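Right, one structure below, let's go through it.
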Number of protein chains: 2
Amino acid sequence: MKKIQIKKAVSKNFKKHNHKLCYETSMKAFHKNCLEKNLKLTPLRLKVFELLLKDHRAIGAYQILDMLSKEGFSSTPPIAYRVLDFLIEQGFAHKIERFNAFIACSHPGSKHSPTFMICRKCDKVAEMCEKDSRLKLDKKSLSEFQIEESVIEIIGICKSCNQLETIKC
Amino acid sequence: MKKIQIKKAVSKNFKKHNHKLCYETSMKAFHKNCLEKNLKLTPLRLKVFELLLKDHRAIGAYQILDMLSKEGFSSTPPIAYRVLDFLIEQGFAHKIERFNAFIACSHPGSKHSPTFMICRKCDKVAEMCEKDSRLKLDKKSLSEFQIEESVIEIIGICKSCNQLETIKC
DNA sequence: AAATTAATGTTATAATATAACATTGACTTA
DNA sequence: TAAGTCAATGTTATATTATAACATTAATTT
Ligand SMILES: [Zn+2]
Ligand SMILES: [Zn+2]
Ligand SMILES: [Zn+2]
Ligand SMILES: [Zn+2]
């Protein structure tokens, strides 16, 4: 039986959608990847990843610590930063540099340089897939600089927030 | 008499070059812009801009404070951050988000979203001009997100550092 | 000159992140 | 299985980056 995969644009993150499906798909991929790469999926790592998946919003390390504390986990700074390091290193999460905050990766499994769209009204974040975001650099620059990674963060207003604004007026 | 402007690629920032010329050109533009926009070019602002222009490297706020202190300026954190805010707001400087550090703008005069190439060996930074860096986003994303600004930071190894490495081997 | 505002000065503290070392628990391997 | 090893977590302390709030000074306007 063939799986039919309906490809959804990243902009769904900004709208109402079946988030349970998002969550479950990501969580399944997380489990699968950890198994394949023989990475230890500990309760702490699982919990932090769960928090990062909550609602397409980036969260700060200290917010994570608060939530860990409420759930009975130890919650001193290194606890959060170490798990975040692990998740980022393994390609399961990203840091949003602009906001010193963290979010689950939407295309997990290998390290990559993401492009984010970030709504400054609702704070929701969408990670674009590579084919939807291409940085075109001029030939000379490319020849003189060996690119290793990139930070691309687009800040603006998502359609939902924009429409709300229009209605208000 | 027509001015002949020899357009230099940003990659010059990574190489030996006539930096006195860089410095003077930028400083002249800073003075001119402040005059035109009726902005107060105070000793403090001038000094901070000067520091940011030093050598195509981004510097942190607390490094700036150290240097201000050595030059007899007051040097508590708000001193630096306020001047940096002014310079960024007016389009004379940028923050490199990835490193929480600041650098003079290479195309000053109006606010814009820069693209940086940053060498992780020598820490030198080059701000690309708009025509040399274009972010191509897919149509759907563009139609569903109103872009206001972007952070684009490319990290890698510059040609000079790369050659040094090769020679070493 | 008085009033107003912009810029700078100052004190305190918030927010983000890392260093260094201790403990625990799982996995080897003898 | 007991000893040894190593990865993960726990803990304390501290470093780094940034802002809030209010005071003073200098420039500009009235
Ligand atoms: Zn969702
Ligand atoms: Zn990703
Ligand atoms: Zn610029
Ligand atoms: Zn270099």
Side-chain angles (χ1 to χ4, degrees), chain A residues 30-31 33-35 37-52 57-90 92-103 123 151 153, chain B residues 30-31 33-35 37-52 57-90 92-103 123 151 153:
Chain A
F30 184 44
H31 275 91
N33 268 282
C34 284
L35 202 69
K37 295 202 237 159
N38 204 28
L39 302 170
K40 266 168 228 165
L41 216 177
T42 63
L44 181 61
R45 288 170 175 180
L46 199 56
K47 172 53 68 182
V48 172
F49 187 68
E50 202 181 299
L51 296 174
L52 292 176
R57 285 184 176 90
I59 51 180
Y62 284 75
Q63 282 179 272
I64 290 172
L65 288 168
D66 275 356
M67 295 188 274
L68 286 179
S69 149
K70 277 169 194 155
E71 309 234 18
F73 288 84
S74 179
S75 59
T76 53
I79 295 288
Y81 284 105
R82 274 192 299 229
V83 174
L84 288 167
D85 281 351
F86 165 83
L87 293 174
I88 291 168
E89 192 60 34
Q90 298 300 332
F92 299 121
H94 296 292
K95 179 173 186 183
I96 309 279
E97 297 291 345
R98 179 60 188 266
F99 298 117
N100 299 314
F102 304 86
I103 195 157
D123 296 323
V151 172
E153 297 170 357
Chain B
F30 183 44
H31 276 91
N33 269 282
C34 285
L35 203 68
K37 296 203 236 159
N38 203 29
L39 302 169
K40 265 167 229 167
L41 216 176
T42 63
L44 181 61
R45 288 171 174 179
L46 200 56
K47 174 52 68 181
V48 172
F49 187 68
E50 202 182 299
L51 296 174
L52 293 177
R57 285 184 174 92
I59 50 181
Y62 283 74
Q63 281 180 274
I64 290 173
L65 287 168
D66 275 355
M67 294 189 275
L68 285 178
S69 149
K70 276 170 195 155
E71 309 235 17
F73 288 85
S74 179
S75 60
T76 54
I79 294 290
Y81 284 104
R82 275 190 302 230
V83 173
L84 288 168
D85 281 350
F86 165 83
L87 293 173
I88 290 168
E89 191 61 34
Q90 298 300 330
F92 299 122
H94 296 291
K95 180 174 185 182
I96 309 279
E97 296 291 345
R98 177 61 188 268
F99 298 117
N100 299 315
F102 304 86
I103 194 157
D123 296 323
V151 172
E153 297 171 358

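Reminder, nothing fancy here: chain letters follow the sequence lines and each chain counts from 1. This one's a predicted model, so the numbers in the text were calculated from it and none came from an experiment.
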Would you mind writing out the side-chain donor-acceptor pairs for residues 73-84 of chain A within the sub-3.5 Å range, not counting sequence neighbours?
none

Original post:
Mapping B:L44 and A:A61 to their closest nucleotides on DNA chain C, which lands nearer the 5' end?
Top reply: B:L44
**OP:** Starting from P on D:dT19, measure out to CG on B:L84 and report it in whole angstrom.
**Re:** 10 Å
**OP:** Give, for atom CD1 of A:I88 and atom CD of A:Q90, the distance between the pair rounded to the nearest 0.5 Å.
**Re:** 11.5 Å
Subject >> side-chain hydrogen bond (donor to acceptor under 3.5 Å, both in side chains) involving B:K95 - partner list, sequence neighbours excluded >> reply: none
Subject >> Partner set under side-chain hydrogen bond (donor to acceptor under 3.5 Å, both in side chains) for B:R57, not counting sequence neighbours >> reply: B:D55
**OP:** Let me know the distance between CZ of A:F86 and P of D:dT9, rounded to the nearest Å.
**Re:** 9 Å
Original post:
Between atom CG of B:N33 and atom NE2 of B:H31, what is the distance when rounded to the nearest 0.5 Å?
Top reply: 11.5 Å
**OP:** Calculate the interatomic distance between A:R98 atom CZ and D:dT17 atom P; express it in whole Å.
**Re:** 18 Å
**OP:** Starting at atom OH of A:Y81, determine the distance to atom C1' of D:dT14, rounded to an integer number of angstrom.
**Re:** 14 Å
Subject >> Partner set under side-chain hydrogen bond (donor to acceptor under 3.5 Å, both in side chains) for B:E71, not counting sequence neighbours >> reply: B:K47
**OP:** Return the set of residues passing side-chain hydrogen bond (donor to acceptor under 3.5 Å, both in side chains) with B:Q63 (not counting sequence neighbours), or none when no residue passes.
**Re:** none
Subject >> Separation of D:dT17 C1' from B:E97 CD (nearest whole Å) >> reply: 12 Å
Subject >> Non-hydrogen atoms of A:L51 and A:I59 that approach each other most closely >> reply: O-CD1, 3.8 Å
Original post:
Tell me: CD1 of B:I59 to C1' of D:dT17, nearest whole Å?
Top reply: 15 Å
Subject >> Interatomic distance, B:F102 CZ vs D:dT16 C1' [rounded to whole Å] >> reply: 12 Å
Original post:
Sub-3.5 Å donor-acceptor pair from the side chain of A:E153 to the main-chain atoms of A:E97, do we have one?
Top reply: yes
**OP:** Determine, for nucleotides 23-28 of chain D in 5'-to-3' order, which nucleotides have protein heavy atoms under 4.0 Å from the base (write B), from only the sugar-phosphate (write S), or from neither (write -).
**Re:** -----S
Original post:
When the distance from CG of B:L65 to C1' of D:dT19 is rounded to whole Å, what number comes out?
Top reply: 13 Å
**OP:** Check every nucleotide of DNA chain C for an atom under 4.0 Å from a heavy-atom of chain B, then give the first and the last such nucleotide from 5' to 3'.
**Re:** C:dA6 to C:dT11
Subject >> Test ring-ring contact (aromatic ring centres under 6.0 Å, His included) applied to A:F30 - qualifying residues, sequence neighbours left out >> reply: A:F49, A:F92
**OP:** Kindly state whether the pair B:Y62 / D:dT17 counts as stacked, where counting means centroids closer than 5.5 Å and planes tilted less than 30° apart.
**Re:** yes
Subject >> Of residues 67-77 of chain B, the positions that come close to DNA chain C - non-hydrogen atoms, cut-off under 4.0 Å >> reply: B:S74, B:T76
Subject >> Most 5' of B:L39 and B:P78 on DNA chain C, judged by nearest nucleotide >> reply: B:L39
Under 3.5 Å, which donor-acceptor pairs do the side chains of residues 38-45 of chain A form with other protein atoms, sequence neighbours left out?
residue : atom : partner : partner atom : Å
A:T42   : OG1  : A:R45   : N            : 3.3
A:R45   : NH1  : A:K40   : O            : 2.8

